[in-house]
Amino acid sequence: MRDPNNKRIFRDLKKDWKRYIVLFLLMSFMIGTASGMFVANGSMMQAIDESFGKYDVEDGRFELTEEATPELLASFPDDIEIYELFAKELTEGGDDTVTVRIYKMREEVDRTCVLQGRLPESDNEIAIDRMHADNQSIKIGDALAVGGREFTVVGLIALSDYSALFKKNSDAMFNAVEFDVAVVTDEAWENLDANIIYTYAYTFRNSIEGDAAIKERTDDLMEEIAVLCATGGYLSDKDSAEQLSSDIDEWTSFLEQIEEESNELQARGEELAARRAEVEAQAELIAAGDPDALLAASELAEDAQRLQDDIDALAAREDEINEVIEDLEALEPYEDDINELKDFVPSYASQAINFAKEDFGSDSAMMGVMVYVFIAVLAFVFAITTDTTIKNEAAIIGTLRATGYTKGEIIRYYMLTPVIITVISAVAGNILGYTIFKDAVVGMYYNSYSLVAYETVWNAKAFIISTVVPLILVSIINLIMIVRLMRLSPLRFLRRDLSTSKRKKAVRLPHWGFLSRFRIRVFLQNIGGYIVLFFGIAFVMLLLSFSVGLPEALDIYKDDMVNNMIAQNQYILKDYQDKDGNVITTSNSSAEVFSLETLVTTDGVRTGEEITVYGVADDSRYISFDTELGENEVMLSASYASKFLLSEGDTITLKEKLSDETYTFTVRGVYDYSGAMAVFMRNDRFNDLFDREPGSFTGYFCNEKITDIDADMIYTVIAREDILALSTQIEHSMGDYMDYVSFACLLIGIMVIYLLTKIIIEKNAGSISMVKVLGYGNGEINSIYVGLTTVMVFIFSVAAAFLGVRLVALLFRVIMYSMTGWFEIRVTYMSYIKIILIMLASYAVVAFFDMRRIKKVPLTDALKNVE
Amino acid sequence: MSEKELQEFLNVCNVFKAYGEGDSRQEVLRGMDFTVKKGEFCVLLGPSGSGKSTLLNIIGGIDSADDGYISIAGDKLRDMDEKALTRYRRKHLGYVFQLYNLIPNLNVKENIEVGAYLSDDPLDIDELLNTLGLWEHRYKLPNQLSGGQQQRTSIGRAIVKNPDILLCDEPTGALDYNTSKEILKLIEDVNRKYGNTVIMVTHNNAIQDMADHTIKLRDGKVRKNIINEHRISAVELEW
């Protein structure tokens with residue numbers, strides 16, 4: 001015979017359908033979101049991983065100052081295949097702030113994924129990045145001005161080396177709004193009027209196994225290429241190159257010395273010739289034995305002999321000289337091949353290639369934490385629900401136990417409901433996860449990144465995290481709670497005496513009004529429910545803090561950035577001198593020189609993070625700190641200090657990005673500037689440290705536009721838009737999403753509070769009924785039960801808001817550790833008020849239902865189940 | 001089962017029980033001694049606080065004695081661990097409570113099945129429903145039944161597994177006179193028909209007349225142990 005108790009399950013579910021529907025909705029929503037997130041994440045990850053092979057993604061790239069000669073290319077190491085990936089940058093859509101980097105059609109490396117339309121076939125056609133097109137509302141068929149020319153957009157694409165549109169690898173954030181990548185036909189590309197960026201991609205001919213091995217080979221490769229470029233392909237070894245460099249210096253100075261000596265000998269020869277003429281003119285006097293003439297002739301003979309000796313000595317060094325000349329002549333064929341390595345980015349360090357993937361990773365970790373927190377809250381809601389049910393059914397359980405039902409049978413029965421609800425939620429959640437939620441998350445990813453096409457793949461990890469773990473978590477928490485209660489004897493159940501703690505004396509309350517004391521008693525009696533209510537509210541507050549706090553923090557950040565910019569413009573020059581060696585100056589009175597270098601961190605919360613080193617004028621108007629800096633002392637920007645938790649007296653070690661040269665500094669103080677991860681020192685010290693000529697500089701800070709410097713001499717200008725790239729992009733990719741999260745929070749808030757207050761009221765139905773019998777009106781009862789809950793919800797909301805904001809700030813800090821740059825969530829009092837109001841609005845809806853529920857409690861409840 | 005086991009089927013031997021500690025300690029049973037024969041209808045009679053329900057609970061294995069022991073067919077309950085006690089209740093006991101304690105969302109038949117499930121050889125449920133006079137009501141939920149019908153259901157649940165001992169804790173305490181008599185008649189019929197030993201707790205003196213054996217309790221002790229040679233039928237009872 002099957003246990004007849006099983007027949008109760010569906011009747012129980014039917015009886016309390018509202019509660020279970022809410023639990024089901026909450027759980028399936030959460031599981032769906034988590035599953036959707038993980039599935040989208042996993043599918044996207046797989047698509048990206050596969051894209052490396054499918055689209056022949058490079059193993060790295062480098063940029064040279066000019067086109068490499070075939071000889072130089074031929075000198076590059078044999079284990080790599082080199083591909084031209086030349087680009088031109090122009091303005092797009094007639095908007096000066098939008099830059100499009102245009103490539104030729106890619107056949108061999110970093111090939112193109114066409115998401116919509118097709119690749120260009122004629123010279124007036126262009127295919128642009130799909131995400132940028134979305135951002136700029138560009139559609140296939142639209143005309144697009146690029147530089148001065150007009151193209152027709154025929155395709156929306158994802159370049160496999162640009163899953164995130166980073167203009168420079170050192171940018172804090174990609175910017176798919178103001179930066180675009182595109183491909184055109186080769187001929188169209190040749191006709192574009194812009195400087196060529198000489199980028200070369202490389203792939204290893206034989207794949208290298210293991211990250212460490214790849215890095216090791218890449219480090220060597222970078223050095224080899226740098227040396228080969230510097231020596232025109234003559235040498236690839238840094239030590240030999242350094243030796244050659246010093247040899248050349250030696251040889252040059254040797255030949256200069258020889259030339260000097262030879263010039264001197266020639267001068268002496270000419271002088272002797274003149275004197276000889278004079279002596280010959282005095283032949284008669286010599287013959288006459290004139291002592292002066294004889295002396296002059298004798299001195300001439302001696303000097304001539306000396307000159308001859310010196311000439312002989314120089315001639316004796318001919319072999320040596322020829323050897324040096326030969327050595328130098330041997331270098332001549334390489335002179336035309338000399339180039340300069342401007343940048344080198346292995347694919348594993350490329351933000352454009354890896355940022356999206358890494359972001360997916362952190363998304364997935366954060367989602368995992370969120371799921372567990374939420375499922376734990378739900379498990380406790382379940383546990384409290386089951387606890388209430390068990391307490392309400394204590395006499396039945398006592399009877400069953402007295403009749404001979406085992407604990408195991410009873411536990412199994414009370415475990416069934418939470419397990420059934422969780423299983424159904426898991427099934428529904430997974431269906432939603434693989435459909436609607438996955439599409440939503442994929443949409444979000446495509447809204448943020450320039451991703452290649454993907455296929456949905458089954459994700460075992462998603463299933464475990466979103467389904468198996470919640471099921472186990474709910475089961476364990478419920479099991480612990482039920483088993484704990486089932487330890488009580490059947491008699492205790494029959495007597496409805498289920499207090500697991502030792503009977504305590506009633507807490508003595510102050511002499512407050514009766515209703516106040518009544519409320520306190522209700523609170524003390526339901527303290528478990530209120531604790532879970534607090535956690536429920538805290539969870540919703542955590543999400544709310546994020547969804548409300550982030551956009552506002554972004555606004556604050558943007559204002560801060562704009563208000564605290566070092567200068568409206570930072571002009572970076574190609575050199576501080578023009579071709580004629582004249583220092584480049586400006587008549588603009590607000591301009592001020594500065595120097596700039598980029599190093600990377602070697603320790604702290606993130607290694608390899610780029611740090612801008614500024615050399616500033618002694619009495620700078622743009623970066624003014626009065627502190628006297630010692631030789632190795634620097635000031636840190638506020639963002640650097642904050643991210644790396646540094647303060648005065650700490651030591652930092654930075655290194656050059658493309659070599660092992662390290663620099664150790666002592667932090668002298670923090671300069672209130674959050675626009676960049678930067679250190680500041682005096683310009684003289686900067687020049688000394690980085691071996692620059694005294695008085696040299698990198699460019700000008702200027703709050704006005706500088707008009708009197710030749711545009712050819714300006715490398716780049718950092719303006720407001722560049723500073724705001726980080727916030728612009730975060731805002732763009734998370735803006736709509738945050739509204740959605742806020743709305744979801746409101747719904748989750750309503751459901752969580754509904755569930756918990758429902759339980760509290762049901763638990764007190766007997767008392768509510770009794771006070772009704774005694775003659776209390778609904779208003780008075782509401783003031784006790786709903787009033788108490790209102791006060792508690794208010795207190796919890798305020799407390800949880802502060803807690804949530806701090807927790808979000810902490811979480812965000814951890815997230816930012818994996819990103820370049822620094823941005824802190826700061827929440828204003830207005831945001832606090834806003835999130836508390838959202839929570840209270842959720843509660844207002846619930847309070848309405850609570851009051852209705854109290855009104856519905858029948859008077860007869862007071863008389864039921866009382867022995 | 002030997003003659004001795006039949007004669008001393010239930011043996012309550014010098015049982016003590018107290019609740020609380022210190023000043024609040026209250027001795028409920030103070031050396032309780034008696035035996036009950038197999039198949040006997042035994043009434044534990046006494047005023048409120050005399051210890052009768054406590055004794056019933058100890059016999060039922062849902063409470064334990066501080067001292068002394070209770071044995072059923074020679075098996076001492078104090079030697080049984082929790083699992084053995086559950087097995088004992090499952091196989092040998094039926095419980096009837098004053099407040100029925102029916103499962104509200106199971107109908108009459110299903111509530112009886114709750115008891116039948118525990119037995120390897122349960123009584124025929126349909127036949128029992130007829131015996132209990134509940135055939136017409138078998139698909140009703142408890143809240144659609146009168147108190148008497150609910151108690152009959154609860155008796156059905158207790159006896160469907162044909163227990164050796166039927167423990168009844170004030171089964172008519174919440175019922176009116178006529179319904180009480182109906183219920184008592186039912187228990188009497190069950191006792192006669194199925195031969196279960198019935199231990200019934202009551203404070204109603206009149207009920208002792210229908211019992212084979214009455215044990216009067218006061219202040220935790222047996223005051224009188226009466227064997228009734230001429231028990232009368234429940235329908236003849238008056239109070």
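- Shown here for Asn57(B) and Leu491(A), the closest heavy-atom pair between the two residues is ND2-CD1, 3.0 Å.
- Within a 6.0 Å radius of OH in Tyr177(B), other residues, nucleotides and ligands contribute more than 12 heavy atoms.
- In Phe849(A), the CZ atom is not crowded: 12 or fewer heavy atoms of neighbouring residues, nucleotides or ligands sit closer than 6.0 Å.
- For Ile396(A) against Pro104(B), the heavy-atom pair with the smallest separation is CD1-CD, 3.2 Å.
- Residues Thr399(A) and Arg157(B) share a closest heavy-atom pair of CG2-NH2, 3.0 Å.
- Here the closest heavy-atom approach between residue Thr86(B) and residue Tyr405(A) is recorded as CG2-O, 3.8 Å.
- In this structure, the portion of Lys161(B) lying under 4.5 Å from any heavy atom of chain A is its side chain and not its backbone.
- A cation-pi arrangement is present between Arg495(A) and Tyr19(B) under the rule of less than 6.0 angstrom and at most 45 degrees off the ring axis.
- Under the 4.0 Å criterion applied to side-chain N and carboxylate O atoms, Arg401(A) and Glu82(B) are assigned as salt-bridge partners.
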Test side-chain contact (heavy atoms from CB on, under 4.5 Å) on Asp12(A) and Asn105(B); report intermediate values, then the result. CA-CA 7 Å; Asp12(A) 283 346; Asn105(B) 51 6; 2.4 Å; yes
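- Sorted by first and then second residue, the side-chain hydrogen bond (donor to acceptor under 3.5 Å, both in side chains) pairs involving residues 163-172 of chain B (not counting sequence neighbours) are Ser53(B)-Asp169(B), His92(B)-Asp164(B), Glu170(B)-His203(B).
- Heavy atoms from other residues, nucleotides or ligands lying under 6.0 Å from NZ of Lys91(B) number more than 12.
- Comparing Ser489(A), Ala402(A), Pro490(A), Gly398(A) by how many heavy-atom pairs each has under 4.5 Å with chain B, the most go to Ala402(A).
- Within residues 406-427 of chain A, the residues having any heavy atom closer than 4.5 Å to a heavy atom of chain B are Thr406(A), Lys407(A), Glu409(A), listed by residue number.
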